[in-house]
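This report refers to the structure that appears directly beneath it.
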Amino acid sequence: MTLAHEAITWYDANARDLPWRQPDSTPWGVLVSEVMLQQTPVVRVEPAWRSWMTRWPEPAALAEDPPSEAIRMWGRLGYPRRAMRLHACAVAIVERHGGRVPSDLDELLALPGVGTYTGRAVATFAYGQRHPVVDTNVRRVVCRAVEGKPDAGPATTTADLVAMEALLPPDAPTAARASIAFMELGAIVCTARSPKCVDCPFHDVCAWRLTGLPLPEGPSRKPQRYAGTDRQVRGLLLEVLRHTSGPVPRQRLDMVWQDEVQRARALAGLVEDGLIETLGADDFVLAGDAPQGEIQTL
DNA sequence: AAGGCGTGGAA
DNA sequence: TTTCCAAGCCT
């Protein structure tokens with residue numbers, strides 16, 4: 001019994017019932033879920049995914065609405081640039097692929113917001129192709145079970161793909177199930193902080209467990225702060241824009257953050273990223289909400 | 001190729 | 001309270 005087959009057997013009995021995994025889910029639904037799941041937990045994605053798919057059941061529907069609507073629908077999932085890119089992705093799918101999510105990996109990777117993980121996930125989970133699919137869960141499971149290390153280091157794309165490739169069964173449908181099974185295992189059993197080894201199908205063969213669950217060696221890299229950063233200020237600014245339909249005067253935005261320098265920097269950043277647009281000298285709107293011909297540049 | 005980029009919940 | 005983490009992407 002290989003690791004892949006052990007994982008698949010475990011997955012068949014323990015997988016969560018998520019809407020984008022239903023038999024009737026579309027490649028578009030899979031793509032939307034993958035983008036939403038980039039750095040956002042499943043529990044917060046699920047209701048947002050349902051709303052999104054109800055409103056925009058296919059790429060063409062989203063492409064017809066302005067980016068501002070995507071940003072509003074994104075709500076508080078975080079990293080709203082993803083909403084922008086998903087909108088741009090829908091436009092590209094309409095323009096380049098006749099409104100159908102492409103199945104070719106290189107065409108997927110060429111879409112905005114679709115990187116190594118997401119492209120392979122869509123090709124594999126939506127189209128049943130055989131590709132290694134490596135996310136943070138897979139990296140953790142493989143490095144523990146195979147290498148015996150407590151935590152995966154920084155992502156090293158090529159090496160990670162090669163390592164997973166070696167574990168994949170030869171036929172595509174089984175390989176796809178193996179990938180989703182490894183991911184699920186990392187998500188609910190082989191978790192970062194409190195792995196539930198008693199529930200793990202790799203219990204008896206896991207190199208990490210067999211060597212006594214050694215702790216991480218050096219000091220962990222310190223996570224990025226959030227409070228007081230430009231990111232927080234951007235979030236506050238965007239929160240105002242999201243809940244306003246018309247132009248928002250600069251004066252209103254001035255209220256969200258004391259530090260004028262930082263506030264201006266955050267605002268300029270949002271414009272730079274294309275999330276918002278300036279209207280005249282002192283009004284702002286979400287991207288795409290400006291009346292024709294009234295967009296000003298800084 | 002490190003670091004920027006949101007948000008909320010669990011420990 | 002603070003820290004850490006959650007199916008990354010882009011530059």
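Chain letters run A, B, ... following the sequence lines, proteins first and then strands; every chain starts at 1. This structure is a prediction, so every number in the text was calculated from the model and none was measured.
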Next on the checklist: Please find the pair of heavy atoms, one from A:S179 and one from A:V138, that lie closest to each other, and give the distance.
Outcome noted: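 What the structure gives for the nearest pair is O-CG2, 4.4 Å.
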
Checklist entry - Can you name the nearest heavy-atom pair linking A:A181 to A:A7, along with the distance? => result CB-O, 3.5 Å

Item to check | For A:W20, the option from A:F125, A:W52, A:W49, A:W28 that meets ring pair (Phe, Tyr, Trp, His ring centres under 6.0 Å) | outcome: A:W49

Checklist entry - Which residue, A:D135, A:V133, A:V134, forms the side-chain contact (heavy atoms from CB on, under 4.5 Å) with A:R120? => result A:V133

When you measure from the side-chain N and O atoms of [X] to the phosphate of [N], is any distance below 4.0 Å, counting only OP1 and OP2?
X	N	answer
A:R85	C:dC9	no
A:R242	B:dG6	no
A:R140	C:dA6	yes
A:R76	B:dG8	yes
A:R225	C:dT3	yes

Item to check | Selection from C:dA7, B:dA11, B:dC5 that lies nearest to any side-chain heavy atom of A:Y79 | outcome: B:dC5

Checklist entry - Of the nucleotides B:dC5, C:dA6, B:dG6, which one has an atom closest to the side chain of A:R81? => result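 In terms of side-chain proximity for A:R81, the closest of B:dC5, C:dA6, B:dG6 is B:dC5.
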
Item to check | Whole-Å P distance, B:dG8 and C:dC9 | outcome: 23 Å

Item to check | Spacing of the P atoms in C:dA7 and B:dG4 (rounded, Å) | outcome: 22 Å

Next on the checklist: Using the rule salt bridge (charged side-chain N to carboxylate O under 4.0 Å, His left out), only one of A:R144, A:R139, A:R140 pairs with A:D151; which is it?
Outcome noted: A:R144

Next on the checklist: With a 4.0 Å cut-off on N to O distance, would you call A:E46 and A:R16 a salt bridge?
Outcome noted: no

Checklist entry - Between A:R72 and A:D65, is there a salt bridge with N-O shorter than 4.0 Å? => result no

If you round to the nearest 0.5 Å, how far is [atom2] of [Y] from [atom1] of [X]?
X	Y	atom1	atom2	result
A:E107	A:L111	CD	CG	8.5 Å
A:W56	A:E69	CH2	CD	6.0 Å
A:I71	A:L275	CD1	CG	5.0 Å

Base, sugar-phosphate or nothing for [X]? Non-hydrogen atoms, less than 4.0 Å.
X	result
A:R44	base
A:L238	nothing
A:P80	sugar-phosphate
A:W74	nothing

Item to check | Shared hydrophobic cluster, A:L31 / A:V45 (ILVMFWY, side-chain heavy atoms < 4.5 Å) | outcome: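 Looking at the clustering, A:V45 is in the same group as A:L31.
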
Could you check which residues of [range] get a heavy atom under 4.0 Å from DNA chain C? Sort them by number, please.
range	value
residues 129-139 of chain A	A:D135, A:T136, A:N137
residues 113-127 of chain A	A:G113, A:V114, A:G115, A:T116, A:Y117, A:T118
residues 166-192 of chain A	A:M183, A:A187, A:A192
residues 27-39 of chain A	A:E34, A:L37, A:Q38, A:Q39

Checklist outcome for this item: Taken in chain and number order and not counting sequence neighbours, the residues that satisfy side-chain contact (heavy atoms from CB on, under 4.5 Å) with A:Q129 are A:S103, A:A123, A:Y127, A:H131

Checklist entry - Quick one: ring pair (Phe, Tyr, Trp, His ring centres under 6.0 Å) partners of A:F202, sequence neighbours excluded? => result A:F182

Checklist entry - Crowded around A:Q22 CD? As in, over 12 foreign heavy atoms under 6.0 Å? => result yes

